[in-house]
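Input: a single structure, listed below in structure tokens.
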Amino acid sequence: MNGKYITKLGFTNKSIGLALAAAQLREAAGLERSAILDELSKVKADPAGFQSGVYADLVRELLTQQAHTDLHAADALRSAALPYAQFGAALIDQGARDQMNVAMRLPITRAGALMPDAHVGYGLPIGGVLAAENAVIPYGVGVDIGCSMRLSVFAVPADTLKTAEALALLQKHTRFGAGVSFERRERIGHDVLDEAVWDDQPILRRLHDKAADQIGSSGSGNHFAEFGSFTLGQSELGLDAGTYLALLTHSGSRGFGAQVAGHFTKLAESLHPTLHPSAKKLAWLSLDSEEGQAYWQAMNLAGRYALANHEQIHARIAKALGQTPALSAHNSHNLAWKEQVGGSELIVHRKGATPAAAGQLGLIPGSMADPGYLVRGKGHAPSLASASHGAGRQLGRKAAQNTLSKSEVSAYLKDKGVTLLGGGIDEAPQAYKRIQDVIAAQSELVDVLGEFRPKVVRMDSGSEDI
DNA sequence: ATGTCC
């Protein structure tokens with residue numbers, strides 16, 4: 001017996017030596033070469049059937065090779081991207097399309113869409129919608145799990161609140177910045193913090209106290225809390241047409257959600273070592289796996305926690321105003337849902353995309369100095385019942401800092417009559433696409449019910465105020 | 001987006 005016969009049977013790498021060693025033992029036991037080769041080909045065809053005896057080591061290696069091949073095959077990208085709809089394609093940069101094209105080649109992907117505010121992000125682009133079969137992609141949801149919007153409209157004229165008072169209210173009742181929380185004696189509890197779910201996973205147990213500390217806070221980056229005037233075009237939702245005082249907020253799941261996202265992204269990447277590098281940040285977790293179920297539970301908890309943050313922000317301010325909202329609306333724009341798509345249940349990821357099922361209310365903000373909109377979804381199938389989550393960046397943070405000056409941002413704010421507390425140059429209105437164009441590009445997706453015009457805005461100071 | 005690392 002020699003290696004030539006073995007390789008002819010199709011054994012590779014380590015299995016050649018192991019097959020040869022086994023063959024020599026069989027030879028010593030008196031078998032003919034042809035009988036041995038016959039046995040070896042049977043072992044190769046069905047290794048699981050020969051797990052004990054002289055072929056045990058060979059079988060173990062063959063099964064390891066098979067597992068690796070299976071993993072590779074399961075992770076292989078399609079040769080071509082599935083088609084997907086783009087809304088406002090002229091507003092979308094090529095980088096976002098390139099990222100979407102990778103996402104549409106994942107073996108788990110079934111459908112997708114790009115919203116008009118789309119721009120490059122980690123993994124799935126911001127403004128990307130992706131429907132997957134029985135799997136969830138942590139970076140298809142994003143770092144700020146459950147990032148969301150909330151609007152409170154008060155049944156008083158917009159000029160009821162003077163700028164100085166608005167500034168004082170925002171200063172007193174909101175907290176901005178990475179790592180920040182309300183002072184201990186100012187903290188308020190919430191049902192979400194008492195859920196039994198926190199005890200189900202070590203990572204949740206570990207993060208519970210941080211979540212309790214940071215509840216009701218707003219964070220950093222593009223998050224904001226702003227007073228403004230809200231104009232309802234026609235009588236809707238129990239409110240007469242008119243212009244009112246309103247509060248609009250953008251916040252998320254803070255450090256808690258960020259750590260959940262980081263943990264499960266790393267886990268997903270480690271479970272897909274052979275995924276093509278271009279899709280590394282799109283590593284997924286099967287919902288049939290313990291890891292996938294754990295992420296699903298943690299993600300939904302972070303989603304509820306983010307909404308609780310908004311509830312507290314609005315409750316504090318409404319109380320200070322002595323008002324009860326006459327109309328309120330909220331939505332999550334970084335989350336995944338189990339939804340019916342074309343007759344089957346899929347996992348619909350919206351990463352910077354507003355759910356827009358028929359009749360569903362949504363909030364699409366512009367920039368710190370541009371209007372935001374209360375919209376009603378139309379359940380448009382090619383968009384996977386989605387809309388944009390804002391205007392979308394046209395300049396990255398660095399590009400904004402390098403190309404925009406404080407004076408031109410100040411001039412823009414002055415022109416729009418906006419007073420700003422905090423806010424960095426990277427959040428300048430000029431860094432965003434024109435919200436009017438973005439709204440116009442999604443007339444098939446949503447109807448506009450009302451327009452919010454910011455007047456007094458608070459954001460994180462970041463490194464540099466405007 | 002997050003308080004700074006895999």
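Please read these numbers as outputs of a predicted model, since none were measured by experiment. Reminder, nothing fancy here: chain letters follow the sequence lines and each chain counts from 1.
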Query - Electrostatic pair A:R184-A:E186, nearest N-O below 4.0 angstrom - result: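 Answer for the salt bridge query: no.
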Do any side-chain nitrogens or oxygens of [X] fall under 4.0 Å of OP1 or OP2 in [N]?
{"X": "A:S220", "N": "B:dA1", "value": "no"}
{"X": "A:Q214", "N": "B:dG3", "value": "yes"}
{"X": "A:R254", "N": "B:dT2", "value": "yes"}

Could you check how far [atom1] of [X] sits from [atom2] of [N], rounded to whole Å?
{"X": "A:Q259", "N": "B:dC5", "atom1": "CD", "atom2": "P", "value": "12 Å"}
{"X": "A:R175", "N": "B:dG3", "atom1": "CZ", "atom2": "P", "value": "16 Å"}
{"X": "A:K281", "N": "B:dA1", "atom1": "NZ", "atom2": "P", "value": "17 Å"}
{"X": "A:K266", "N": "B:dC5", "atom1": "NZ", "atom2": "C1'", "value": "8 Å"}
{"X": "A:K351", "N": "B:dA1", "atom1": "NZ", "atom2": "P", "value": "11 Å"}
{"X": "A:L335", "N": "B:dA1", "atom1": "CG", "atom2": "C1'", "value": "15 Å"}
{"X": "A:H223", "N": "B:dG3", "atom1": "NE2", "atom2": "C1'", "value": "15 Å"}
{"X": "A:E427", "N": "B:dA1", "atom1": "CD", "atom2": "P", "value": "6 Å"}

Query raised in the report: Under 3.5 Å, is there a donor-acceptor pair linking the side chains of A:H223 and A:D460?
Result: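 No, no side-chain donor-acceptor pair sits under 3.5 Å.
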Query - Distance-only donor-acceptor check, side chains A:R97 and A:Q86, under 3.5 Å - result: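 A:Q86 and A:R97 do have a side-chain donor-acceptor pair below 3.5 Å.
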Classify [X] by what it touches in the nucleic acid, base, sugar-phosphate, or nothing, heavy-atom distance under 4.0 Å.
{"X": "A:G252", "answer": "nothing"}
{"X": "A:A178", "answer": "base"}
{"X": "A:E269", "answer": "nothing"}

Query - Side chain of A:V143 - closest among B:dT2, B:dG3, B:dA1 - result: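 Looking only at heavy atoms from C-beta outward on A:V143, the closest nucleotide is B:dA1.
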**Report entry** Per A:K210 side chain, nearest of listed nucleotides B:dT2, B:dA1, B:dG3
**Finding:**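 Closest of the options to the side chain of A:K210: B:dG3.
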Query - Member of A:I215, A:T249, A:V192 meeting the side-chain contact (heavy atoms from CB on, under 4.5 Å) criterion with A:N309 - result: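 With A:N309 as partner, A:I215, A:T249, A:V192 yield a single side-chain contact (heavy atoms from CB on, under 4.5 Å), made by A:I215.
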Requested in this report: Decide yes or no on side chain to side chain contact (heavy atoms under 4.5 Å, CB included) for A:Y305 and A:F256, but give the supporting numbers first.
Outcome: CA-CA 9 Å; A:Y305 173 76; A:F256 163 47; 3.8 Å; yes
